[in-house]
Amino acid sequence: MKKPKFDRPTFNEEVYAITRLIPKGRVSTYGAIAAAIEQTNRARMVGQALHICPAGTPAHRVVNRSGILTGKLFFGGNRMQELLEDEGVEVQDDRVVNFKTLFWSPLEEL
DNA sequence: CCCCTGACGGGCG
DNA sequence: TCGCCCGCCAGGG
């Protein structure tokens, strides 16, 4: 009884819930979301969850720790970048410009 | 059971 | 920030 079973369905819902809280024009990271639901070493699972996220989930606002749009390939073409730019987030070379200031932490700003 | 893969992250130089 | 190595962990072959 060391490790609590990994409840994929619940985990995914938690991820989507946090993701939906990311303000328009701001971005967050896989690790920050994982930390917010107390699953610090499961940043990768956050990625898996967003890969199959339901419509309406602003997954484009989630990037990696360097501000790189690691998931753009799953949006097709430049879709992820366009979605961000439509919200006023500047992107250059698959990376969020001013990432440090646009970063939104579910733990500190919630 | 072994091995590899991956929308990741921390530490180091 | 970049590159590199390594730890992490669920899935799939």
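Each chain gets a letter, A, B and so on, in the order its sequence line appears, and its residues count up from 1.
Rounded to the nearest 0.5 Å, atoms CD (A:E13) and CZ (A:R8) are 12.5 Å apart. Rounded to the nearest 0.5 angstrom, A:Q48 CD and A:L50 CG are separated by 10.0 Å. Note that CD of A:Q39 and CG of A:D7 are 9.5 Å apart. Values are rounded to the nearest 0.5 Å.
Here the shortest heavy-atom pairing between A:G56 and A:P58 reads O-CD, 3.4 Å.
Summarising the geometry, the separation between CZ on A:F11 and P on C:dC8 is reported as 17 Å, rounded to the nearest angstrom. The separation between A:R8 atom CZ and C:dG11 atom C1' is 8 Å, rounded to whole Å. Atom CG in A:N64 sits roughly 9 Å away from atom C1' in B:dG9 (whole-Å rounding). In this structure, CZ of A:R95 is placed 18 Å from P of B:dA7, rounded to the nearest angstrom. One atom, CG of A:D94, and another, C1' of C:dT1, lie 16 Å apart when rounded to the nearest Å. For the pair A:Q48 CD and C:dC9 P, the interatomic distance rounds to 15 Å; values are reported in whole Å. Atoms NE2 (A:H51) and C1' (B:dC8) sit 15 Å apart, rounded to a whole Å. Taking atom CD of A:Q39 as the reference point, atom C1' of C:dA10 lies 12 Å away to the nearest angstrom.
Checking B:dA7, C:dT1, B:dC8 against every side-chain atom of A:A59, the shortest atom distance belongs to B:dA7. Listed candidates were C:dG11, C:dC9, B:dA7. Nearest to the side chain of A:L50 is B:dA7.
The backbone N or O of A:F103 lies less than 3.5 Å from a partner atom in the side chain of A:R26, making a donor-acceptor pair. Remark: the backbone N or O of A:W104 is paired with a side-chain donor or acceptor of A:S28 at under 3.5 angstrom. A donor-acceptor distance shorter than 3.5 angstrom exists from the side chain of A:N64 to the backbone of A:I68, with no hydrogens or angles considered.
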Read 5' to 3' with Watson-Crick or G-U pairs under 3.5 Å, [ ] for crossing pairs and | for partners on another strand, DNA chain C gives .||||||.|||||
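Of the side-chain N and O atoms in A:T40, none sit less than 4.0 angstrom from OP1 or OP2 of B:dG9. The shortest distance between the side-chain N/O atoms of A:R42 and the OP1/OP2 oxygens of C:dA10 is below 4.0 Å.
DNA chain C lies under 4.0 Å from no heavy atom of any residue of residues 18-30 of chain A.
Using a 4.0 Å cut-off between charged side-chain N and carboxylate O, A:E87 and A:R61 make a salt bridge.
A:R44 contributes no side-chain N or O that forms a donor-acceptor pair with the base of C:dC9 under 3.5 Å.
Following chains of ILVMFWY side-chain contacts shorter than 4.5 Å, one can reach A:I22 starting from A:V46, so the two form part of one hydrophobic cluster.
Under the rule for a salt bridge (Lys or Arg N to Asp or Glu O under 4.0 Å), A:R44 has no partner lying at least two apart in sequence or in another chain.
If A:S66 and A:M45 are placed on DNA chain C by their nearest nucleotide, the residue sitting closer to the 5' end is A:S66.
Within the nucleic acid shown, A:F99 has no heavy atom closer than 4.0 Å to any nucleic acid atom.
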